[in-house]
Structure formats: structure tokens, C-alpha cells
Amino acid sequence: LPGSSAVEPITDLPGGGWRVRMHTPDGVALDGVWGQRPSAALPLREPHAFNAGTVKTRVNYSLRPKREPGLVLRIGHFGLRCSSHDETLQWFRDRFGVLDSDYLCVPDSVDQVIGTFLRFNQGETLVDHHFMLITQSRNPQDTGVHHCSFEMQDIDALMGAHDHLLERGHRLDCGVGRHLVGSQIFDYWHDSFGFRVEHYTDGDVSNIHYQPVRYAVAADETTQWGMQPPKTFFD
């Protein structure tokens with residue numbers, strides 16, 4: 001498509017393969033990659049059994065989770081702040097055939113969409129509620145990646161990592177809480193470079209039949225329980 005590079009071999013990153021290099025309307029570089037060899041998987045414990053009020057799955061043994069560095073499973077999604085939400089949304093639709101999951105709208109105005117959650121189209125196969133969130137930046141000159149988000153095995157892994165980071169003086173951004181859109185239990189931090197990094201678990205999954213919902217709420221109304229982000233969170 002216009003603006004894309006030729007297909008080229010990947011020689012500057014591990015795993016080899018091939019890529020096509022593209023740039024979003026705001027100039028953010030994005031590579032379409034094929035044939036890259038995956039690295040070996042790290043050992044991973046099974047998710048902890050959870051005893052709900054009416055369903056008991058953990059019988060005759062106790063849990064002993066630790067406060068420790070959290071082993072993330074994968075990068076799950078990222079947020080992208082744009083000078084033009086509509087133009088960037090169409091850019092991703094044209095190139096990747098993505099589906100709209102849900103919308104963030106101006107508070108009290110469901111007709112004005114300022115954020116769209118996107119998922120991959122795998123037909124009947126279940127996929128994450130979103131692999132990215134596109135939001136309209138309040139300042140068109142201040143755009144770029146809002147956060148990157150990594151899935152963890154369960155809430156014990158997330159909370160153990162939360163306490164581990166707090167004890168070592170790392171900078172908490174917002175968490176722990178449960179999102180309104182996508183349902184994830186979230187925990188946002190700032191890394192040593194100032195970038196926002198999210199740990200999450202228990203997110204929604206959807207297939208082609210899911211129909212988008214419009215949420216006309218401010219950022220500080222997007223948490224169902226737990227720590228609310230500030231109203232300026234997505235600005």
C-alpha cells in the first residue's frame with residue numbers, strides 16, 4: 001500500500017524473517033513481520049485455582065504466592081495517542097482488517113467517538129478484546145504511544161509483582177483496579193525512562209460476533225473498582 005516499504009529481510013533483530021515497514025499518519029513506525037523465529041518459552045506455573053463463593057476448585061491445599069518479579073506471558077496491547085483519531089483508525093482498518101471492539105466517547109455525548117479499541121479478525125476464534133486503543137490527543141502536537149501492556153498469569157502474579165515493585169521504590173502510575181472496558185485487572189507503572197507500562201490479567205475475549213458498545217465517560221470513570229486514573233489520563 002502507499003507509504004509502505006518493499007518487503008525486506010530482517011537483519012538487525014533476533015530471529016530473522018521478513019518485514020514491511022510502514023508509518024502511521026503521525027509518523028509512528030510500525031513493522032509488519034513474517035517468518036521470525038520465536039525464542040524458547042520460559043517455564044511458567046499453572047494459574048492458581050480460585051475458590052469463588054459458590055464454586056470451589058481448590059480443595060485440600062493452600063496457596064503460597066510470593067512478592068516477586070512478575071513473569072509476563074506476552075505483550076497484549078498498546079495505546080496510541082493520535083492527532084486525528086478517525087484518520088488513524090482508518091489507516092489500521094485498511095492495512096490489517098481489524099474490528100472495532102468498543103468506543104470511548106465524549107462524556108454525555110455518545111455520538112462523538114474519541115477512542116476505539118481494536119481486535120484482530122479471526123472469525124469464530126476467540127481473540128483478546130483489544131490489541132490496541134486509538135485515542136484522540138487533546139494536543140495534536142503531543143502524540144505517540146500512551147502505554148504498552150503485558151499479560152500476567154493471574155491476579156496473584158500481578159499483585160505479587162505490584163508489591164515487589166513498591167518495596168523497591170518504583171513509580172506507581174495507577175493501580176490496582178478493574179477496567180470498565182475490556183474488564184482487565186490492571187496495574188500501571190512508569191519505567192526508568194518515564195514510559196507507562198501496564199501489567200494486566202483476566203481480560204475479555206471476543207470473536208467476530210461481538211458488537212461494540214459506546215462508553216460516554218471521562219478517564220476517571222473507566223475503573224469499576226480500585227484506583228481511578230486522573231481525568232487527564234488519555235489526554
Side-chain angles (χ1 to χ4, degrees), residues 41-53 57-58 62-81 101-104 115-120 126-135 137 144-206 213 215 217-235:
L42 296 173
L44 178 68
R45 68 166 173 80
E46 292 297 313
H48 286 161
F50 185 82
N51 281 347
T57 59
R58 190 178 69 254
S62 301
L63 295 179
R64 296 293 181 264
K66 297 179 176 60
R67 296 180 176 91
E68 60 185 0
L71 179 64
V72 299
L73 281 68
R74 62 194 176 99
I75 184 168
H77 62 265
F78 70 102
L80 188 64
R81 298 164 62 249
S101 286
D102 288 317
Y103 305 110
L104 293 176
T116 300
F117 294 84
L118 296 173
R119 70 186 187 278
F120 290 114
L126 294 175
V127 299
D128 288 354
H129 172 271
H130 60 278
F131 75 90
M132 74 175 300
L133 165 63
I134 295 172
T135 55
S137 177
V145 174
H146 178 270
H147 72 278
C148 57
S149 186
F150 298 87
E151 185 177 19
M152 306 188 77
Q153 181 70 295
D154 53 29
I155 193 170
D156 285 321
L158 184 144
M159 290 302 304
H162 176 94
D163 286 351
H164 175 84
L165 293 169
L166 275 183
E167 289 171 352
R168 282 153 181 79
H170 291 280
R171 181 184 168 196
L172 178 66
D173 183 47
C174 181
V176 172
R178 187 181 282 279
H179 282 312
L180 174 65
V181 188
S183 304
Q184 296 93 339
I185 297 174
F186 67 83
D187 195 26
Y188 289 96
W189 296 83
H190 286 286
D191 68 12
S192 55
F193 301 99
F195 295 111
R196 183 182 284 111
V197 178
E198 179 189 17
H199 292 155
Y200 78 93
T201 191
D202 193 26
D204 293 344
V205 292
S206 309
V213 176
Y215 295 89
V217 294
D220 58 355
E221 300 171 300
T222 58
T223 297
Q224 299 186 84
W225 55 255
M227 187 176 181
Q228 295 276 22
K231 191 179 291 289
T232 58
F233 189 69
F234 294 117
D235 288 357

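- No side-chain heavy atom of Glu221 sits under 4.5 Å from any side-chain heavy atom of Leu180.
- For the atom pair Phe131 CZ and Phe117 CZ, the distance stands at 12.5 Å (nearest 0.5 Å).
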Just do the side-chain contact (heavy atoms from CB on, under 4.5 Å) check on Thr223 and Phe186 with the steps written out, would you?
CA-CA 9 Å; Thr223 297; Phe186 67 83; 3.6 Å; yes
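- Here the straight-line distance linking atom CE of Met132 with atom OG of Ser101 works out to 12.0 Å at 0.5 Å rounding.
- Summarising the geometry, atom OG belonging to Ser192 is positioned 12.0 Å from atom CZ belonging to Arg171; distances are rounded to the nearest 0.5 Å.
- Side-chain atoms of Asn51 come within 3.5 Å of backbone atoms of Thr57 as a donor-acceptor pair (strictly under, hydrogens ignored).
- Taking the centre of each ring, Tyr188 and Phe233 come in below the 6.0 Å mark.
- Atom-to-atom distance recorded for Arg67:CZ and His164:NE2 is 12.0 Å, nearest 0.5 angstrom.
- Using a 30° and 60° split on the angle between ring planes, His146 and Phe234 fall in the tilted class, from 30° to 60°.
- Nearest heavy atom pair, residue Gln184 against residue Gly203, reads CG-CA, 3.6 Å.
- Using modelled atom types and a 3.5 Å distance limit, the side chains of His129 and Asp102 yield a donor-acceptor pair.
- Closest of all the heavy-atom pairs between Leu73 and Met152 is CD1-C, 3.5 Å.
- Residue Ile75 comes nearest to Cys148 through the heavy atom pair CD1-CB, 4.2 Å, listed as atom of the first residue, atom of the second, then distance.
- The CZ atom of Arg168 sits 10.5 Å away from atom CG of Asp163, with the distance rounded to the nearest 0.5 Å.
- Looking at Ser149, its side chain never comes within 3.5 Å of a backbone N or O of His77 through a donor-acceptor pair.
- A distance of 10.0 Å separates CG of Asp173 from CD of Glu198, quoted to the nearest 0.5 Å.
- Checked by atom type and distance alone, the side chain of Arg58 pairs as donor or acceptor with a backbone atom of Ala49 at under 3.5 Å.
- Counting all heavy atoms, side chain and backbone alike, Asp128 lies closest to Gly76 at OD2-O, 4.2 Å.
- Of all heavy-atom pairs between His199 and Leu158, the closest is O-CD1, 3.6 Å.
- Proximity of a side-chain donor or acceptor of Arg178 to a complementary backbone N or O of Ser183 within less than 3.5 Å is detected.
- Here the shortest heavy-atom pairing between Gly175 and Leu172 reads O-CD2, 3.6 Å.
- Panel note: side chain Gln224, backbone His179; a donor-acceptor pair is recorded below 3.5 Å.
- With a 6.0 Å radius and a threshold of 12 heavy atoms from other residues, nucleotides or ligands, Glu167 has its CD atom above the threshold.
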For Tyr215 and Thr222, run side-chain contact (heavy atoms from CB on, under 4.5 Å): C-alpha distance rounded to whole Å, both residues' side-chain angles, the deciding distance at 0.1 Å, then the answer.
CA-CA 9 Å; Tyr215 295 89; Thr222 58; over 6 Å; no
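- No hydrogens or angles considered: a donor-acceptor pair under 3.5 Å links the side chains of Trp189 and Asp187.
- For the pair Gln153 and Leu71, the minimum side-chain heavy-atom distance is 4.5 Å or more.
- Within the structure, every pair that satisfies the salt bridge (Lys or Arg N to Asp or Glu O under 4.0 Å) test and touches residues 144-162, not counting sequence neighbours, is listed here: Arg45-Asp154, Arg74-Glu151.
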